[in-house]
Amino acid sequence: MRRDDRQLAEMEKTLTQLRDDLNALSTRVNADPRNISLVIRRVNLMGRIMATQKSAEQLRERTKSRPA
């Protein structure tokens, strides 16, 4: 497995964990919507997910354009 493939697999694993964390945190926010700390953590987590997704997409594009 090439280095980029390993990086992409690690990013996908990270995305899965971040999404699981977001689901758990969203449940807590729904139970206590006035808790600003939870809301801020949720927004920050969404930002991390978006950044990781963008990096994964860029890596996918880079690996697609390379010959095998």
Side-chain angles (χ1 to χ4, degrees):
M1 186 182 275
R2 293 189 324 211
R3 181 174 172 253
D4 288 341
D5 294 333
R6 285 191 302 271
Q7 279 183 315
L8 189 56
E10 185 63 33
M11 281 185 193
E12 293 293 340
K13 180 180 170 187
T14 300
L15 273 171
T16 299
Q17 182 61 49
L18 288 171
R19 288 180 183 129
D20 290 344
D21 292 348
L22 180 62
N23 289 336
L25 191 52
S26 293
T27 299
R28 291 178 62 196
V29 169
N30 289 339
D32 188 9
R34 290 180 166 236
N35 188 332
I36 299 301
S37 176
L38 291 177
V39 173
I40 291 170
R41 285 174 51 194
R42 184 174 167 211
V43 170
N44 289 337
L45 190 52
M46 289 175 171
R48 288 178 55 202
I49 290 170
M50 289 173 52
T52 304
Q53 284 176 329
K54 183 175 181 178
S55 295
E57 288 169 6
Q58 290 172 340
L59 188 57
R60 275 190 209 98
E61 288 300 316
R62 193 170 74 200
T63 57
K64 264 200 261 185
S65 63
R66 284 191 192 157

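Residues take their numbers from the sequence shown, with the count starting at 1. Because only heavy atoms are used, hydrogens play no part in the values below, and waters and symmetry mates are left out as well, while side chains stay in.
The side-chain heavy atoms of Arg28 and Asn35, taken from C-beta on, include no pair separated by under 4.5 Å.
Applying the salt bridge (charged side-chain N to carboxylate O under 4.0 Å, His left out) test to Glu57 and every residue at least two apart in sequence or in another chain returns nothing. Remark: Arg62 pairs with Asp4 by the salt bridge (charged side-chain N to carboxylate O under 4.0 Å, His left out) rule, at least two apart or across chains. Listed by chain and residue number, Arg42 satisfy the side chain to side chain donor-acceptor pair (under 3.5 Å) test with Ser26 (two or more places apart in sequence, or in another chain).
The CD atom of Glu10 lies 13.5 Å from the CG atom of Asp5; values are rounded to the nearest 0.5 Å.
Think of Met46 as one node in a network of Ile, Leu, Val, Met, Phe, Trp and Tyr side chains linked at under 4.5 Å; its network also takes in Leu15, Leu18, Leu22, Leu25, Val29, Leu38, Val39, Leu45, Ile49. With side-chain heavy atoms closer than 4.5 Å counting as contact, directly or through intermediates, the hydrophobic cluster containing Leu8 also holds Met11, Leu59.
Here side chain to side chain donor-acceptor pair (under 3.5 Å) pairs that include residues 46-56, with residues two or more places apart or in two chains, number zero.
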